[in-house]
Number of protein chains: 2
Amino acid sequence: MKISEVSEQSGLSIDTLRYYEKIGLLPAVNRTDSGIRNFNELDLRRVNFIKCMRAAGLPIEVLIEYYALVQQGDDTTEARKAILVEQRTQLLARMAEMQETLDLLNHKIEVYENAVLKND
Amino acid sequence: MKISEVSEQSGLSIDTLRYYEKIGLLPAVNRTDSGIRNFNELDLRRVNFIKCMRAAGLPIEVLIEYYALVQQGDDTTEARKAILVEQRTQLLARMAEMQETLDLLNHKIEVYENAVLKND
DNA sequence: CCTTGACTTAGAGTTAACTCCAGGTTGTAA
DNA sequence: TTACAACCTGGAGTTAACTCTAAGTCAAGG
């Protein structure tokens with residue numbers, strides 16, 4: 001699978017995919033004889049997982065750390081799980097903050113709808 | 001109210017408060033004769049509103065635009081409301097993405113808990 | 001008065017995460 | 001076989017949002 005296809009499928013730009021490989025977030029992707037990237041099924045799944053995590057605000061650094069442990073294999077499962085649990089905690093905190101903002105926004109909009117308030 | 005107190009109360013750094021004033025997100029705050037900032041109740045409310053919006057990811061640029069309309073006063077209410085509605089839409093979209101990520105994270109963690117999977 | 005800590009400014013530096021560029025190679029359709 | 005689009009690399013540039021620095025002024029306690 002060519003990089004353009006992966007880009008289209010994942011919604012990440014081609015530059016971003018190359019960037020992710022360069023910094024080690026993606027493993028060195030297989031190449032054709034002439035040096036063109038050839039993503040496999042596993043690469044694709046990883047790209048999509050990363051896409052999802054990044055969309056929720058998980059830092060690249062954390063994902064690199066996570067995949068370093070995956071790479072290491074032999075019983076890093078506890079450490080990996082710890083990372084995921086920690087990130088879930090932070091994600092929940094962000095979601096709670098956003099819910100508060102949403103409530104406030106809803107309230108403000110309602111006020112505008114009722115045209116009660118002119119300035120604020 | 002001194003900048004240090006506003007900082008403490010709001011959780012924004014002193015530098016950030018000065019930065020917000022510099023770029024026009026906060027209006028020119030009143031000063032003592034010797035030039036020291038003296039935040040009033042309205043400033044404080046605005047700081048807290050901004051803090052809340054920023055925490056949910058609303059761009060500074062949008063908030064500046066919003067307050068420019070507030071400043072303008074005379075029937076910019078429709079435009080203001082439109083901004084808030086648009087930002088609410090985007091916020092809901094982000095929250096939905098985060099919910100997806102949360103689900104995936106929960107699933108992964110569960111897998112680790114059941115120690116079914118060793119690598120992924 | 002003197003020190004010390006909080007305040008001021010303009011402007012430079014930082015960080016994360018891309019995004020773009022120049023200059024070169026490859027694959028494919030006419 | 002010649003265009004021409006898509007690929008490649010290393011490295012520079014961009015963006016948002018701070019964060020820090022230097023050099024100076026101000027306020028309050030001893």
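Just so it is clear: chains get the letters A, B, ... in the order the sequence lines come, proteins before strands, and each one is counted from 1. Nothing here was measured: the structure is a model prediction, and the numbers come from that model. The figures here come from the full heavy-atom set of this structure, side chains too, leaving out hydrogens, waters and symmetry mates.
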K.L.:
Nearest of dC8(D), dC18(D), dC18(C) to any side-chain atom of Arg54(A)?
P.N.:
dC18(C)
K.L.:
Nearest 0.5 angstrom please: Gln9(A) CD to Leu44(A) CG, how far?
P.N.:
4.5 Å
K.L.:
On DNA chain C, check which nucleotide each of Gly57(A) and Ser34(B) is closest to and give me the residue with the more 5' one.
P.N.:
Ser34(B)
K.L.:
Nearest of dG10(D), dT9(D), dC18(C) to any side-chain atom of Ile60(A)?
P.N.:
dC18(C)
K.L.:
Closest to the Ile36(A) side chain: dC8(D), dA17(C), dC7(C)?
P.N.:
dC8(D)
K.L.:
Using atom CG of Asp33(A) as one end and atom P of dT25(C) as the other, report the distance to the nearest whole Å.
P.N.:
18 Å
K.L.:
When you look at CD of Glu5(A), are more than 12 heavy atoms from neighbouring residues, nucleotides or ligands closer to it than 6.0 Å?
P.N.:
yes
K.L.:
Reading DNA chain C from 5' onward, which residue's closest nucleotide shows up sooner: Asp15(B) or Lys2(B)?
P.N.:
Lys2(B)
K.L.:
Name the residue closer to the 5' end of DNA chain D, choosing between Lys22(A) and Gly35(A) according to the nucleotide with the nearest heavy atom.
P.N.:
Gly35(A)
K.L.:
Side-chain N or O of Ser4(A) versus OP1/OP2 of dC7(D): is the shortest distance under 4.0 Å?
P.N.:
yes
K.L.:
dC7(C), dG27(C), dC18(C): which one has an atom nearest the side-chain heavy atoms of Tyr19(A)?
P.N.:
dC18(C)
K.L.:
Less than 4.0 angstrom between a side-chain N/O of Arg31(B) and OP1 or OP2 of dT9(C), yes or no?
P.N.:
yes
K.L.:
Take atom CD in Glu61(A); do more than 12 heavy atoms of anything else shown fall under 6.0 Å from it?
P.N.:
no
K.L.:
Flag yes if more than 12 heavy atoms outside Glu8(A) fall under 6.0 Å of its CD atom; otherwise flag no.
P.N.:
no
K.L.:
Quick one: is dC18(C) close enough that its OP1 or OP2 comes under 4.0 Å of any side-chain N or O from Tyr20(A)?
P.N.:
yes
K.L.:
Less than 4.0 angstrom between a side-chain N/O of Arg37(A) and OP1 or OP2 of dC8(D), yes or no?
P.N.:
yes
